[in-house]
Amino acid sequence: MTEGRIPVPGGKVWYRRTGSGGAPLLVVHGGPGYPSDLLFDAFAPLAQEREVVWYDQLGVGRSDPVDDVSLLTVDRFLDELGAVSEGLGLERPHVYGHSWGAMLGLQYAAERAPEWTSLVCANGWRACPASSRRSET
C-alpha cells in the first residue's frame, strides 16, 4: 500500500494505492464532503486482482482545505479528476463514481472523452426536465 499527496488545481489531494495487476480502479467518492475512506472496505478485496486507487477530493478528508470558495466549481473538480489520473500514471483505468463522484465521472466522460476502460456510476443523479416531475391536475 502506498499513500501520498498529489498536486491538483487549488492544492494537494491525498491518495491511497493498493494491489496490483489488471487495469487499475480509480474510486471517486461522493459528497462533496464525503471522504474516500468510507469506501475502503467495499473495494479492498478487489486489490487481490488489480490496483485500487482512492483519493480525497480537495477540501475533504486528508486533502488540503479549501479556503477560496471560487475553487468549488464542477470544472475545477473535473480538472482535479484528470490531474489525479494523470499524476498517478493511471492508464485506461476503470473509474467508479459514487453519488457526486458518479456525476463527476459522467461529466468528465461527456466533456473530455478520456481513455477509460469503463465507468461505473453508483447512486448518481439523473437529469430530468422539471416539468416531468410536476403532477398535472
Test side-chain contact (heavy atoms from CB on, under 4.5 Å) on Val74 and Trp100; report intermediate values, then the result.
CA-CA 10 Å; Val74 171; Trp100 159 255; 4.1 Å; yes

Run Tyr55 and His29 through side-chain contact (heavy atoms from CB on, under 4.5 Å) and show every step you take.
CA-CA 8 Å; Tyr55 76 99; His29 65 77; 5.6 Å; no

The test is side-chain contact (heavy atoms from CB on, under 4.5 Å); show your working for Arg17 and Leu88 and say whether it passes.
CA-CA 9 Å; Arg17 300 176 90 153; Leu88 295 177; 3.8 Å; yes

His94 vs Ser118, side chain to side chain donor-acceptor pair (under 3.5 Å): CA-CA, chis, key distance, verdict
CA-CA 5 Å; His94 296 280; Ser118 68; 2.6 Å; yes

Dump the intermediate steps for side-chain contact (heavy atoms from CB on, under 4.5 Å) on Leu58 and Lys12, then the final yes or no.
CA-CA 7 Å; Leu58 198 66; Lys12 290 185 178 182; over 6 Å; no

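Val8 and Ala83 get closest at one heavy-atom pair: CG1-CB, 3.9 Å. Of all heavy-atom pairs between Pro114 and Ala109, the closest is CD-CA, 3.6 Å. Between Ser63 and Gln57, the closest heavy-atom pair is CB-O, 3.5 Å. The heavy-atom pair separating Asp79 from Pro9 by the smallest distance is CB-CG, 3.8 Å.
Residues meeting the ring pair (Phe, Tyr, Trp, His ring centres under 6.0 Å) test with Trp14, sequence neighbours left out: none. Remark: Ser70 pairs with Asp68 by the side-chain hydrogen bond (donor to acceptor under 3.5 Å, both in side chains) rule, at least two apart or across chains.
At least one side-chain heavy atom of Tyr96 sits under 4.5 Å from a side-chain heavy atom of Leu25. Annotation: side chain of His98 is not in contact with side chain of Leu38 (no heavy-atom distance under 4.5 Å). Within the 4.5 Å cutoff, the side chain of Pro93 has heavy atoms near those of the Ser85 side chain.
Within 6.0 Å of atom CD in Glu86, 12 or fewer heavy atoms from other residues, nucleotides or ligands are found, so the atom counts as exposed in its surroundings. Other residues, nucleotides and ligands place more than 12 heavy atoms under 6.0 Å from the CD atom of Glu3.
Leu46 and Trp54 fall within a single hydrophobic cluster, where Ile, Leu, Val, Met, Phe, Trp and Tyr side chains are chained together by heavy-atom contacts under 4.5 Å. Val84 and Leu39 fall into different hydrophobic clusters, where Ile, Leu, Val, Met, Phe, Trp and Tyr residues are linked whenever their side-chain heavy atoms come under 4.5 Å apart, directly or through other members. Val60 and Val27 fall into different hydrophobic clusters, where Ile, Leu, Val, Met, Phe, Trp and Tyr side chains are chained together by heavy-atom contacts under 4.5 Å. Hydrophobic clustering of Ile, Leu, Val, Met, Phe, Trp and Tyr side chains at less than 4.5 Å, counting indirect connections, unites Val53 with Leu78. Hydrophobic clustering, with ILVMFWY side chains joined whenever heavy atoms are under 4.5 angstrom apart, groups Leu72 together with Val28.
Note that CG of Leu106 is 11.5 Å distant from CD of Glu111, once rounded to the nearest 0.5 Å. Atom CD of Glu80 sits about 12.5 Å away from atom CG of Asp75, to the nearest 0.5 Å. Note that the SG atom of Cys121 and the CE atom of Met103 stand 10.5 Å from one another [nearest 0.5 Å]. Distance check, rounded to the nearest 0.5 Å: CG of Leu90 to OG1 of Thr117 gives 10.5 Å.
For the pair Arg16 and Phe40, the cation sits on the ring face: its NZ or CZ lies under 6.0 Å from the ring centre, inside 45° of the axis.
Arg50 contributes a side-chain N or O that, together with a main-chain N or O of Ala23, makes up a donor-acceptor pair within less than 3.5 Å.
In this structure, Arg62 pairs ionically with Asp56, as a charged nitrogen and a carboxylate oxygen lie closer than 4.0 Å.
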